[in-house]
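Each residue takes its place number in the sequence, starting with 1.
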Amino acid sequence: MNSYYFLVPLLLLSIISSTTNGLTQQQSSYVMQKYTKYNNNFIQQFLAPQNAARSRLRLKPLVWDKKLENYAKWYANQRRYDCELIHSNGPYGENIFWGGGDSWSPIQAVAAWVGEQHSYNYGYNSCNGEQECGHYTQIVWRETRRIGCAKVTCYNGLGVFMTCNYDPPGNYIGERPY
């Protein structure tokens with residue numbers, strides 16, 4: 001993806017709001033359908049692989065939440081300047097991802113998080129050795145119901161930063177995710 005990944009939806013909304021008055025209802029509807037299709041594809045790149053991981057454990061699917069999406073966008077924009085893997089420390093569960101270059105997709109970020117399932121030991125309710133598994137356990141946290149995510153390309157070629165926020169949050173010490 002290029003650095004305009006988030007600018008395209010904003011540009012489309014700007015075009016829609018400034019030009020739909022001069023368009024026929026059919027033309028206006030077409031523009032809105034294109035924007036909705038683009039936005040839904042972006043959401044599904046985050047949502048579908050996480051729900052697939054939950055489905056394998058017979059957990060209820062996560063639903064996209066606009067409030068969580070807005071929070072994720074707000075925080076991702078804070079990281080746009082440095083692209084550092086720092087958590088927001090907000091009220092939600094959170095997974096963050098950084099990749100060098102500008103071609104990382106939401107599916108790749110989620111694949112990295114879900115791939116941690118091999119590091120999670122359910123019997124001991126812990127990660128194996130020094131490996132990470134907290135991204136995975138947040139995704140499959142039984143009580144979590146809602147999700148919202150965002151992606152930004154960082155300035156000065158620093159890479160791509162993505163974040164997903166979860167509500168209710170998970171990863172409580174001593175509790176099993178499912």
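For the side chain to side chain donor-acceptor pair (under 3.5 Å) criterion with Gln138, the lone passing option out of Asn171, Asn165, Thr144 is Thr144. Exactly one residue among Val114, Asn51, Val140 makes a side chain to side chain contact (heavy atoms under 4.5 Å, CB included) with Arg56. That residue is Val114.
Residues Cys127 and Gly134 share a closest heavy-atom pair of SG-N, 4.3 Å. Shortest non-hydrogen contact noted between Ala72 and Gly148 is CB-O, 3.7 Å. Of all non-hydrogen atoms in Leu85 and Ile96, the two that sit nearest each other are C-CD1, 3.6 Å. Smallest separation of non-hydrogen atoms from Arg79 and Glu84: CD-O, 3.1 Å. A pairwise comparison of heavy atoms in Ser105 and Met162 identifies O-CE, 3.3 Å as the closest pair. Trp113 and Phe97 get closest at one heavy-atom pair: CZ2-CB, 3.7 Å.
Side chains of Pro168 and Arg146 form a contact here, defined as non-hydrogen atoms less than 4.5 Å apart. In this structure, Gln131 and Glu116 have side chains that are not in contact, with every pair of non-hydrogen atoms separated by 4.5 Å or more.
Residues Tyr81 and Tyr155 place their aromatic rings such that the two centres sit under 6.0 Å apart. In summary, the aromatic rings of Tyr75 and Tyr71 are positioned with their centroids too far apart to meet the 6.0 Å limit.
Judged by distance alone, with hydrogens and angles left aside, the side-chain atoms of Asn156 form no donor-acceptor pair with the main-chain N or O of Leu158 at under 3.5 Å.
Using modelled atom types and a 3.5 Å distance limit, the side chains of Tyr120 and Asn125 yield a donor-acceptor pair. Using a 3.5 Å distance cut-off with no hydrogens or angles, the side chains of Gln50 and Tyr166 do pair a donor with an acceptor.
In this structure, Tyr92 OH and Leu68 CG are separated by 5.5 Å, a value rounded to the nearest 0.5 Å. Summarising the geometry, atom CH2 belonging to Trp98 is positioned 9.0 Å from atom SG belonging to Cys154; distances are rounded to the nearest 0.5 Å. If you take CZ on Arg142 and CZ on Arg54, they are separated by 9.0 Å, rounding to the nearest 0.5 Å. In this structure, OG1 in Thr137 is found 9.0 Å from NE2 in His135, a value given to the nearest 0.5 Å.
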Side chain to side chain contact (heavy atoms under 4.5 Å, CB included) between Cys149 and Trp64, worked out: CA-CA 9 Å; Cys149 306; Trp64 194 260; 3.6 Å; yes
Stepwise side chain to side chain contact (heavy atoms under 4.5 Å, CB included) test for Asp167 and Asp65: CA-CA 9 Å; Asp167 191 47; Asp65 185 275; over 6 Å; no
Side chain to side chain contact (heavy atoms under 4.5 Å, CB included) assessment of Gln78 paired with Phe161: CA-CA 10 Å; Gln78 306 304 306; Phe161 181 88; over 6 Å; no
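Hydrophobic clustering (ILVMFWY, side-chain heavy atoms < 4.5 Å, transitive): Ile139 and Phe46 are in one cluster. No single ILVMFWY cluster, assembled from side-chain heavy atoms under 4.5 Å apart, contains both Ile107 and Trp104. Trp141 and Leu57 sit in two unconnected hydrophobic clusters of ILVMFWY residues. Membership requires side-chain heavy atoms under 4.5 Å apart, directly or through other members. A continuous path of hydrophobic side-chain contacts links Leu62 to Val110 [ILVMFWY only; heavy atoms under 4.5 Å]. Both Tyr178 and Ile147 are part of a single hydrophobic cluster, where members link through side-chain heavy atoms under 4.5 Å apart.
Dense packing is recorded around CZ of Arg176, with more than 12 heavy atoms of other residues, nucleotides or ligands lying under 6.0 Å away.
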